[in-house]
Amino acid sequence: MTKCAGLLGYPVSHSSSPRLHGFWIQKYGLDASYEAHEVQPDELMSQIADLKSHIEQTGNEFRGCNLTLPLKETIIPYIDQLEQAASEIGAVNTLVISENGELQGKNTDWIGFRDSLGDHLNLDRFVNGTALVLGAGGAARAILYALKSMGFSKIFLTNRTQARAQHLANEMKNIPIEVVPWDEKEQMLSKTDLLVNTTSLGMKGQPPLILDLTDLKKTAVVTDIVYAPLETELLKQARLKGHSVVDGLGMLLHQAKAGFEAWFGVYPEVDKDLRHHVLEGLK
Ligand code: ATR
């Protein structure tokens, strides 16, 4: 009996997840599959039910799926067991169907962010630290949760649309967030231990992120969730100034571990070969 999982979203054709999970399925020699399916938000639950019955009719088992925006939020009312992190972040990126058919909702994006940084740095350096987060969209929510779990005692949050940052800060009340006007973000750099870009600026086809790093604290680490290109202008600028930099690909790779383990029973490894394989698919 093949264990089946996949990615639901719209669009999904450019996603790296099938390639990523496919690499692990082959590496660990599993009888498993992971495929992408296009699903509209208003058809989400009926499509999940159809997919499940289709897979079961062929004698296989539907174990769950990843969800992309906006389905990450659409699914929440239908979840039987919502994990604490998913509840606080307000988004489910990993759905696990338990043996009795219950839907378990997890958010592993924050784990992806934390573990990607952890590949490069000892995260203890950030306890009681200060972060500056650019952007207040869907990705920022999981990252704010990760920063809190890592022990940051102050998080400056800035967004082009300030009301959106304020709304996020109000929603995530137990995270020490201070909203800063977009035009004043450079003034926070001298206090910043970790600078995170969660906006789409700097992504292939998008405008560049313009930020003068002159005043950035010497020991600060800089990370970007954008991974196409792998080295954004922000990371390049930071690297040339001597800062440690962490690209966005690690977050994508590490967020996938917990789902893979829950569906297929093997905790997979994020290593150079996986990174290389996924990067090849991005070319
Ligand atoms: P995601 O869910 O991937 O985070 P999103 O919700 O569309 O995507 O958020 C994109 C982020 O990039 C937002 O913070 C957005 O700022 P606004 O809330 O003001 O839209 C930011 N962003 C996108 N284009 C931008 C631009 N040209 N200048 C500044 N910020 C931009």
Side-chain angles (χ1 to χ4, degrees), residues 7-17 39-41 44 66-76 85-86 88-94 105 107-114 116 131-147 155-172 175 177-189 194-213 222-230 232-235 237 246-256 282:
L7 170 69
L8 308 189
Y10 188 87
V12 288
S13 58
H14 296 298
S15 169
S16 298
S17 292
V39 169
Q40 302 282 359
L44 177 59
N66 286 128
L67 299 158
T68 62
L69 285 167
L71 306 181
K72 289 181 181 189
E73 291 169 18
T74 314
I75 190 89
I76 288 190
E88 283 191 37
I89 294 166
V92 166
N93 75 322
T94 304
N107 187 301
T108 65
D109 288 330
W110 73 277
I111 300 173
F113 180 79
R114 181 198 64 190
S116 173
L132 172 60
V133 175
L134 312 181
R141 304 178 74 101
I143 286 169
L144 290 169
Y145 183 88
L147 295 174
I155 302 169
F156 294 116
L157 177 63
T158 186
N159 194 48
R160 174 181 59 177
T161 311
Q162 190 169 333
R164 210 174 170 198
Q166 195 54 59
H167 181 73
L168 197 49
N170 294 345
E171 263 189 25
M172 303 185 95
I175 301 184
I177 298 172
E178 184 180 323
V179 174
V180 172
W182 185 246
D183 292 343
E184 293 173 21
K185 56 188 177 304
E186 266 118 356
Q187 294 171 27
M188 304 302 140
L189 291 173
L194 176 67
L195 170 62
V196 189
N197 176 42
T198 80
T199 74
S200 48
L201 295 173
M203 195 185 287
K204 218 187 288 176
Q206 299 291 322
L209 170 62
I210 296 169
L211 189 66
D212 180 352
L213 297 181
V222 180
T223 186
D224 202 323
I225 64 157
V226 171
Y227 56 83
L230 199 55
T232 58
E233 276 303 314
L234 172 70
L235 296 186
Q237 224 194 108
V246 179
D247 67 54
L249 186 60
M251 180 175 174
L252 172 76
L253 305 181
H254 282 285
Q255 64 75 31
L282 290 172

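Along the sequence shown, residues are numbered consecutively beginning with 1. Keep in mind that this is a model prediction, so the values were computed, not measured. All ligand and atom numbering here is 1-based and tracks the order in the structure.
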Task: N or O pair under 3.5 Å between A139 and ligand 1 - done: yes
Open item on the list: Please state which option from T199, N159, L209, I210 has its nearest heavy atom closest to atom 14 (O) of ligand 1.
Closed with: N159
Open item on the list: For atom 23 (C) of ligand 1, what's the nearest protein heavy-atom neighbour? Residue, atom name and distance, please.
Closed with: S200 OG, 3.4 Å
Open item on the list: Do I76 and V92 make a side-chain contact, defined as non-hydrogen atoms from C-beta onward lying under 4.5 Å apart?
Closed with: yes
Task: V226, L201, N197: member with heavy atom nearest to atom 28 (N) of ligand 1 - done: L201
Task: Proximity winner for atom 5 (P) of ligand 1, if only heavy atoms of R160, Q206, R164, H167 are counted - done: R164
Task: Closest approach of any protein heavy atom to atom 19 (O) of ligand 1, naming residue and atom - done: T161 OG1, 2.5 Å
Open item on the list: Quick check: do L211 and L134 have side-chain heavy atoms less than 4.5 Å from each other?
Closed with: yes
Open item on the list: If we only consider heavy atoms of A136, is any one of them less than 4.0 Å away from an atom in ligand 1?
Closed with: yes
- [ ] Looking only at protein heavy atoms, identify the closest one to atom 9 (O) of ligand 1 and say how far it is in Å.
- [x] G137 CA, 3.6 Å
Open item on the list: Among all protein heavy atoms in this structure, tell me which lies nearest to atom 1 (P) of ligand 1, with the distance rounded to 0.1 Å.
Closed with: G138 N, 3.6 Å
Open item on the list: I need the atoms of ligand 1 closer than 4.0 Å to a non-hydrogen atom of W182, numbered in the order shown.
Closed with: 29 (C)
Task: Note: D109-R141 ion pair, threshold 4.0 Å (strictly below) - done: no
TODO: Write down the atom of W182, the atom of T158, and the distance for their closest heavy-atom approach.
DONE: CA-OG1, 3.1 Å
TODO: Would you mind listing which atoms of ligand 1 come within a distance below 4.0 Å of any non-hydrogen atom of G135?
DONE: 14 (O)
Task: Straight-line distance of Q237 CD to L209 CG, nearest 0.5 Å - done: 8.5 Å
Open item on the list: Do V133 and L195 make a side-chain contact, defined as non-hydrogen atoms from C-beta onward lying under 4.5 Å apart?
Closed with: no
TODO: Would you confirm whether any non-hydrogen atom of the protein falls under 4.0 Å from atom 7 (O) of ligand 1?
DONE: no
Task: Heavy-atom closest contact (N159 atom, R164 atom, distance) - done: ND2-CB, 3.6 Å
Open item on the list: If the cut-off is 4.0 Å to any non-hydrogen atom of L69, which atoms of ligand 1 fall inside it?
Closed with: 2 (O)
- [ ] Classify the side-chain pair N66/S17 by whether it contains a donor and acceptor separated by less than 3.5 Å.
- [x] no
Open item on the list: Measuring only between side-chain heavy atoms, which start at C-beta, is V222 closer than 4.5 Å to L234?
Closed with: yes
